[in-house]
There are 2 protein chains.
Amino acid sequence: MAKKSTEPTSANAAAARQVPMRDFSRSLPMSLLRAREAVMRQFRPSLREHGLTEQQWRILRALAAIEAAEVTELARTAFLLGPSLSRILRDLEARNLIERKTAKADQRRSMVSISKEGVKLMASVAPSSEAIYAEITQRFGARKLAELQEMLGELEQSLAGLGAGDEASAEE
Amino acid sequence: MAKKSTEPTSANAAAARQVPMRDFSRSLPMSLLRAREAVMRQFRPSLREHGLTEQQWRILRALAAIEAAEVTELARTAFLLGPSLSRILRDLEARNLIERKTAKADQRRSMVSISKEGVKLMASVAPSSEAIYAEITQRFGARKLAELQEMLGELEQSLAGLGAGDEASAEE
DNA sequence: GGGAGTTACTTAACATGTTAAGTGAATGCG
DNA sequence: CGCATTCACTTAACATGTTAAGTAACTCCC
């Protein structure tokens with residue numbers, strides 16, 4: 001072995017390919033990520049025009065669907081982690097898009113609800129949002145879309161309660 | 001209409017529900033997000049034990065599959081935006097997991113490749129990663145998984161070149 | 001009723017997503 | 001050649017994701 005460092009680069013890559021591994025670009029996480037990005041790319045410009053991020057929009061929609069909610073419940077509904085929600089609620093409150101008041105019975109809890117301005121903003125965004133969704137549905141096909149959502153739900157179900165960290169297997 | 005501000009909260013939520021809108025929790029973006037999160041939740045602990053984030057792992061895998069790549073190409077492969085990749089490469093280089101050298105022909109380009117240490121790290125992570133993937137495949141079903149990936153790819157395709165911003169429809 | 005434990009949330013710290021601006025190197029064209 | 005434009009990448013700024021720690025309010029049980 002005379003030459004030691006002629007092309008370490010290629011040698012390393014070759015060695016790396018010996019590590020058994022699926023084709024990277026076809027992994028399930030990547031497929032899901034790309035699909036979601038393809039979808040969100042359609043919505044972001046419209047939301048942006050109205051000064052909303054994807055997550056802020058999720059929160060407003062979630063609040064519109066329920067009278068009022070505790071922060072924890074809202075986090076579950078909008079599928080956000082507590083810390084993210086905490087920050088976003090602070091901003092949305094400062095913009096008067098939501099209202100909050102601490103629950104009487106339990107001072108720890110705070111009830112969050114959408115404000116009149118929040119409703120107005122939703123009403124101004126909803127049309128284009130719906131139009132985009134309709135376009136996506138048309139392009140992909142309504143039936144296939146329903147099938148896809150069904151499969152995604154099943155995937156979620158089949159992984160529920162796996163690797164949640166510390167729950168015993170099934171006994172106990 | 002005597003009482004005006006007894007429960008403005010409920011009134012706003014009621015008004016909001018007049019805004020025509022699909023059921024929030026069943027929207028495609030949410031379905032995709034939840035499915036992806038259910039999947040990634042399985043992988044994160046293992047990656048974390050090895051000191052890697054999901055994105056760092058994506059980059060290492062992408063580099064293992066190709067001899068060396070320019071940053072832009074790598075961004076496309078690992079599905080990361082330029083700025084994110086730029087930061088991550090800086091960190092991975094500091095940890096000696098990758099190597100980079102500027103191309104001779106074009107000083108703007110830099111070629112990135114995996115290092116010997118990077119290969120070792122990959123080899124140490126791959127087994128558990130593969131085991132997790134196998135578990136997911138088994139739970140969900142290999143056939144259904146293939147179907148799902150097929151549909152996700154079709155979805156991505158059907159949205160390609162829609163709302164990319166400024167390309168003319170089809171002419172010119 | 002008082003202190004340990006729990007709960008609901010918030011802060012903090014670090015990493016990435018997202019968009020815009022910056023920088024230096026190549027290209028093209030008059 | 002000279003200079004505007006484009007290109008490849010990096011920095012910057014702000015928002016969220018992710019985990020850990022902090023804080024105040026509530027529960028429980030001795």
Side-chain angles (χ1 to χ4, degrees), chain A residues 29 33-34 36-49 51-59 68-76 78-95 100-112 164-166, chain B residues 29 33-34 36-49 51-59 68-76 78-95 97-98 100-112 164-166:
Chain A
L33 179 58
R34 293 155 71 118
R36 184 172 145 79
E37 177 55 28
V39 172
M40 285 316 300
R41 201 195 322 278
Q42 313 304 320
F43 289 100
R44 263 190 285 266
S46 163
L47 290 177
R48 185 174 175 72
E49 280 178 18
L52 287 175
T53 65
E54 177 195 337
Q55 293 81 357
Q56 292 166 352
W57 177 235
R58 285 221 300 275
I59 292 174
E70 301 171 9
V71 174
T72 301
E73 182 189 355
L74 186 55
R76 192 166 36 72
F79 209 68
L80 292 170
L81 292 179
S84 296
L85 183 54
S86 205
R87 278 179 304 216
I88 301 174
L89 288 181
R90 169 162 46 74
D91 299 346
L92 292 180
E93 187 176 22
R95 289 163 66 183
R100 56 204 317 194
K101 50 183 177 183
T102 58
K104 302 157 200 128
D106 188 337
Q107 299 292 100
R108 293 172 304 182
R109 292 170 153 81
S110 79
M111 303 301 290
V112 185
D166 44 48
Chain B
L33 178 59
R34 292 156 70 117
R36 185 173 144 79
E37 177 55 28
V39 173
M40 286 316 301
R41 202 196 319 280
Q42 314 304 319
F43 289 99
R44 263 191 284 268
S46 163
L47 289 177
R48 186 173 175 72
E49 279 178 20
L52 287 175
T53 66
E54 178 195 336
Q55 292 81 357
Q56 292 166 351
W57 178 235
R58 286 220 298 275
I59 293 174
E70 301 170 10
V71 173
T72 300
E73 182 190 355
L74 186 54
R76 194 167 34 71
F79 209 68
L80 291 169
L81 293 179
S84 295
L85 183 54
S86 205
R87 280 178 304 215
I88 300 174
L89 288 181
R90 170 162 45 75
D91 298 345
L92 291 180
E93 187 175 24
R95 289 163 65 184
L97 295 175
I98 64 163
R100 57 204 316 194
K101 50 184 178 185
T102 59
K104 302 155 199 128
D106 187 337
Q107 298 293 97
R108 293 172 303 182
R109 292 171 155 78
S110 79
M111 303 301 290
V112 185
D166 43 50

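Worth saying up front: this structure is predicted, and the values here are computed from it rather than measured.
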When all nucleic acid strands are considered with a 4.0 Å heavy-atom cut-off, which category describes A:Ala105: base, sugar-phosphate, or nothing?
sugar-phosphate
By the 4.0 Å heavy-atom rule, please label A:Thr72 as base, sugar-phosphate, or nothing.
sugar-phosphate
In whole angstroms, the gap separating C1' of D:dT18 from CE of B:Met40 amounts to 12 Å
Run the salt-bridge test on A:Glu70 and A:Arg76 with the 4.0 Å N-O cut-off and return the result as yes or no.
no
Select from B:Arg58 and B:Lys104 the residue whose nearest nucleotide in DNA chain C is closer to the 5' end of that strand.
B:Arg58
D:dT10 phosphate, OP1 or OP2, under 4.0 Å from B:Arg100 side-chain N/O
yes
Distance (rounded to the nearest 0.5 Å) between A:Arg41 CZ and A:Arg34 CZ
10.5 Å
Which listed nucleotide (D:dT10, D:dA20, C:dT10) is nearest to the side chain of B:Val71?
D:dT10
Scan B:Arg87 against the nucleic acid and name what it touches under 4.0 Å (heavy atoms): base, sugar-phosphate only, or nothing.
base
In whole angstrom, give the distance that lies between atom CG of B:Leu80 and atom P of D:dG17.
17 Å
Nearest-Å distance, CZ (B:Arg90) to P (D:dC9)?
16 Å
What I want to check is whether an N or O donor and acceptor connect the side chain of A:Arg44 with the base of C:dG17 at under 3.5 Å.
no
Under 4.0 Å between any heavy atoms, over every strand shown, what does B:Leu85 touch: base, sugar-phosphate, or nothing? Just pick one.
nothing
Atom pair CD/CZ of B:Gln56 and B:Arg95 - distance to nearest 0.5 Å:
5.0 Å
Within this structure, what is the CZ-to-C1' distance between A:Arg109 and C:dT10, rounded to whole angstrom?
16 Å
Starting the side chain at C-beta, find the nucleotide from D:dC9, C:dG17, D:dT19 nearest to B:Ser84.
C:dG17
Say you draw a straight line from CG of B:Leu33 to CD of A:Gln55; how long is it, rounded to the nearest 0.5 Å?
8.5 Å
Please give, in whole Å, the distance from C:dT10 P to A:Leu92 CG?
13 Å
Tell me which of A:Asp106 and A:Gln55 sits closer to the 5' end of DNA chain D, going by the nucleotide each one is nearest to.
A:Gln55
Choosing from D:dC7, D:dT11, C:dT16, which nucleotide comes nearest the side chain of B:Arg108?
D:dC7
If only side-chain N and O atoms of A:Thr53 are considered, is one of them under 4.0 Å from the OP1 or OP2 phosphate oxygen of D:dA15?
no
Euclidean distance, atom CD of residue A:Glu70 to atom C1' of D:dA25 [Å, nearest integer]
14 Å
Base, sugar-phosphate, or nothing for B:Glu37, non-hydrogen atoms under 4.0 angstrom?
sugar-phosphate
Measuring from the side chain of A:Ile88 (C-beta onward, heavy atoms only), which nucleotide among C:dC9, D:dT16, C:dA25 has the closest atom?
D:dT16
Residue whose nearest DNA chain D nucleotide is more 5′ - B:Ser86 or A:Gln107
B:Ser86
Rounded distance (Å) that lies between atom C1' of C:dA8 and atom CD of A:Glu73
13 Å
Measure from the side chain of B:Pro83, starting at C-beta and using heavy atoms only, and say which of D:dT16, D:dC9, C:dA20 lies closest.
C:dA20
Looking only at the side chain of A:Arg48 (C-beta and beyond, no hydrogens), which of the listed nucleotides C:dA20, D:dG17, C:dA26 gets closest?
C:dA20
Approximate separation, where rounding is to 0.5 Å, of B:Leu97 CG and B:Ile59 CD1
10.5 Å
Test B:Leu89 against B:Leu74 for side chain to side chain contact (heavy atoms under 4.5 Å, CB included), laying out the working first.
CA-CA 10 Å; B:Leu89 288 181; B:Leu74 186 54; 4.1 Å; yes
Separation of B:Leu89 atom CG from D:dT10 atom C1', in whole Å?
11 Å
